[in-house]
Amino acid sequence: MLIRSYCIGSLKDIELFPFMERVQFTLNSRMAPQKRKTVEAFKKMHFPNTEVYVHYDFLRTVPRYPLMTDYGKQAMVEEMVDIIQYSLINQNVKGIVIHMDTAFKKEMMADLSVNGYSDQSFERAIKKHIISPMYKSGSDCVGIIMSVKPTGDSAFKSMNQEFLHKWYTFAVNEFYNDLLQECIKRNIDLTKPHAIVYLENTTHILTGGFDLENDCVAGSVKHNTMCTVGRQNLLGVCWDLEHAFASGDILMSVDNLVALSAINSNIFIHLNCIEKGVTRGSMRDRHSLTTIFECSKYEPDYYVELVQMLNHYKIPYMREVKSETMEREIQQQKQPNVS
């Protein structure tokens, strides 16, 4: 058997725990963190030989964190630290993956590109586009975002990229500091093995037309890695291979893997296929229905070699697919001609 690391999406999937090397499940974004009782659910599961990763819900992302209400931020941090604390007892709980989707709509960035970054146009764009029941009041959001307003005197190629760089850096700083303070408050010994929070690259980043392979664009694999420097006690990087392909980000290679590992050794791979219709830079996120044997971009041998490389470097990986795709792929792997 080649791959035994999959997302689980149903109670039926949990029955596969004895077979699985590692699993990942996504928290329900329709339920508030304080009501999900994630650790209580862990305690009811039996997974002595299976590593477990939690994919945080898709509403609460790190770039949105500074804009969230204080109550919302507290609930989010406390839930994560609950998981980290539990991982000290059950070391099969390995990590929390959280998206780095931008807090800003592309329409807002387009407004700023056209109208500039004067105080008036900046404030107008914020009030028009930054609206969510998860967020603080409009005036509070204006004050927070204006604190990282670009000056235009940096080395960045555009005001938009300077602004996004400053914002992502600011957001990771605040998120990390709150996470760390909650761990300190609970006297958690971070020198002991514990779950890591992995920042994931997504297709929902604003490239501004730049080349992600060479430019350090906010939300990219490189930028997420740079934002974790000096924070390996809590933060790592989740590198989604399909997201990277679809956004024009760096592609998997030994050199790229070694380079990122030199900055932060906490790396987790979402080993996702490139489905038909997903082209380089298309921003299409369509990996959940395709097995490695049905991939339109690479042959199965590519994934055999990739898994061998990740195992060699002791980098954990996960196949993010729907249950029916997982079942089909497991059967396909049992065929006689599979390596």
Is it true that atom [atom1] of [X] has more than 12 heavy atoms of other residues, nucleotides or ligands lying nearer than 6.0 Å?
{"X": "Glu299", "atom1": "CD", "answer": "no"}
{"X": "Lys322", "atom1": "NZ", "answer": "no"}
{"X": "Lys297", "atom1": "NZ", "answer": "no"}

Presence of salt bridge, [Y] and [X], under 4.0 angstrom:
{"X": "Asp70", "Y": "Lys136", "result": "yes"}
{"X": "Glu324", "Y": "Arg328", "result": "no"}
{"X": "Lys44", "Y": "Glu40", "result": "no"}

Q: Report the residue from Leu234, Val81, Leu235 that forms a side-chain contact (heavy atoms from CB on, under 4.5 Å) with Leu180.
A: Leu234
Does some side-chain heavy atom of [Y] sit less than 4.5 Å from a side-chain heavy atom of [X]?
{"X": "Val52", "Y": "Lys94", "value": "no"}
{"X": "Met252", "Y": "Trp239", "value": "yes"}
{"X": "Val237", "Y": "Asn266", "value": "no"}
{"X": "Glu305", "Y": "Leu310", "value": "no"}
{"X": "Ser265", "Y": "Gln232", "value": "yes"}
{"X": "Lys73", "Y": "Phe175", "value": "no"}
{"X": "Met109", "Y": "Thr102", "value": "no"}

Show the nearest heavy-atom pair for residues [X] and [Y], with the distance to one decimal.
{"X": "Lys314", "Y": "Pro316", "result": "O-CD, 3.7 Å"}
{"X": "Phe122", "Y": "Leu112", "result": "CD1-CD2, 3.5 Å"}
{"X": "Asn201", "Y": "Cys238", "result": "OD1-O, 3.0 Å"}
{"X": "Glu174", "Y": "Pro66", "result": "OE1-CB, 3.6 Å"}
{"X": "Ala103", "Y": "Tyr135", "result": "O-OH, 4.1 Å"}
{"X": "Met146", "Y": "Asp119", "result": "CE-OD1, 3.7 Å"}

Go through the side-chain N and O atoms of [X] and [Y] and say whether any donor and acceptor fall under 3.5 Å apart.
{"X": "Glu275", "Y": "Ser296", "answer": "no"}
{"X": "Thr225", "Y": "Asn264", "answer": "no"}
{"X": "Arg231", "Y": "Asn173", "answer": "yes"}
{"X": "His129", "Y": "Glu107", "answer": "no"}
{"X": "Gln85", "Y": "His194", "answer": "no"}

(Q) Quick one, Ser158 with Asn160, criterion side-chain hydrogen bond (donor to acceptor under 3.5 Å, both in side chains). Give me CA distance, side-chain angles, the key distance, then yes/no. (A) CA-CA 5 Å; Ser158 73; Asn160 278 11; 5.5 Å; no
Indicate if [X] and [Y] have the same hydrophobic cluster label, given that clusters are the connected sets of ILVMFWY residues with side-chain heavy-atom separations under 4.5 angstrom.
{"X": "Met309", "Y": "Val221", "value": "yes"}
{"X": "Leu271", "Y": "Tyr198", "value": "no"}
{"X": "Val142", "Y": "Ile131", "value": "no"}
{"X": "Ile196", "Y": "Ile267", "value": "no"}

Q) Backbone N or O of Met318 within a donor-acceptor pair of the Tyr53 side chain at under 3.5 Å? A) no
Taking atom [atom1] of [X] and atom [atom2] of [Y], what is their separation to the nearest 0.5 Å?
{"X": "Lys128", "Y": "Ser121", "atom1": "NZ", "atom2": "OG", "answer": "12.0 Å"}
{"X": "Thr202", "Y": "Phe58", "atom1": "OG1", "atom2": "CZ", "answer": "10.5 Å"}
{"X": "Ile130", "Y": "Ile145", "atom1": "CD1", "atom2": "CD1", "answer": "4.5 Å"}
{"X": "Asn224", "Y": "Ile98", "atom1": "CG", "atom2": "CD1", "answer": "11.0 Å"}
{"X": "Glu123", "Y": "Ser139", "atom1": "CD", "atom2": "OG", "answer": "9.5 Å"}
{"X": "Gln74", "Y": "Gln34", "atom1": "CD", "atom2": "CD", "answer": "9.0 Å"}

Q: Using the side-chain contact (heavy atoms from CB on, under 4.5 Å) rule, take Ile3 and Gln333 through it: C-alpha gap first, then chi angles, then the decisive distance, then the call.
A: CA-CA 8 Å; Ile3 297 172; Gln333 289 185 87; 3.6 Å; yes
Q) Taking it one step at a time, do Glu320 and Ser288 satisfy side-chain hydrogen bond (donor to acceptor under 3.5 Å, both in side chains)? A) CA-CA 6 Å; Glu320 284 192 307; Ser288 63; over 6 Å; no
Q.
So, using salt bridge (Lys or Arg N to Asp or Glu O under 4.0 Å) as the criterion, who are the partners of Glu79 when residues are at least two apart?
A. Arg36
Q.
Could you walk me through whether Phe245 and Asn272 satisfy the side-chain contact (heavy atoms from CB on, under 4.5 Å) test, starting with their C-alpha distance in whole Å, then the side-chain angles of each, then the deciding distance to 0.1 Å, before giving a yes or no?
A. CA-CA 10 Å; Phe245 182 88; Asn272 292 327; over 6 Å; no
Q. What do the steps show when you test Arg186 against Asp82 for salt bridge (Lys or Arg N to Asp or Glu O under 4.0 Å), and what is the final call?
A. CA-CA 10 Å; Arg186 301 192 195 187; Asp82 284 346; 2.7 Å; yes
Cation over ring face, [X] and [Y], 6.0 Å, 45°:
{"X": "Arg22", "Y": "Tyr317", "result": "yes"}
{"X": "Lys149", "Y": "Phe163", "result": "no"}
{"X": "Arg319", "Y": "Tyr6", "result": "no"}

What orientation do [X] and [Y] show, parallel under 30°, tilted 30 to 60°, or perpendicular over 60°?
{"X": "Tyr298", "Y": "Tyr302", "value": "parallel"}
{"X": "Tyr86", "Y": "Phe42", "value": "parallel"}
{"X": "His165", "Y": "His223", "value": "perpendicular"}

(Q) side-chain hydrogen bond (donor to acceptor under 3.5 Å, both in side chains), that's the test. Do His270 and Glu242 meet it? Break it down for me. (A) CA-CA 8 Å; His270 278 170; Glu242 195 265 1; over 6 Å; no
Q: Evaluate the criterion side-chain contact (heavy atoms from CB on, under 4.5 Å) for residue pair Val62 and Val172; output intermediate values, then yes/no.
A: CA-CA 6 Å; Val62 173; Val172 173; 3.9 Å; yes
Q: In sequence, state the C-alpha distance, the side-chain angles, and the governing distance for Ser323 and Asp13, and then conclude on side-chain hydrogen bond (donor to acceptor under 3.5 Å, both in side chains).
A: CA-CA 7 Å; Ser323 295; Asp13 292 344; 2.6 Å; yes
Q. Between Trp167 and Phe104, is the ring centre distance below 6.0 Å?
A.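 Here the rings of Phe104 and Trp167 have centres that are less than 6.0 Å from each other.
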**Q.** Check against side-chain contact (heavy atoms from CB on, under 4.5 Å), Ile269 and Leu306
**A.** CA-CA 11 Å; Ile269 304 296; Leu306 188 52; over 6 Å; no
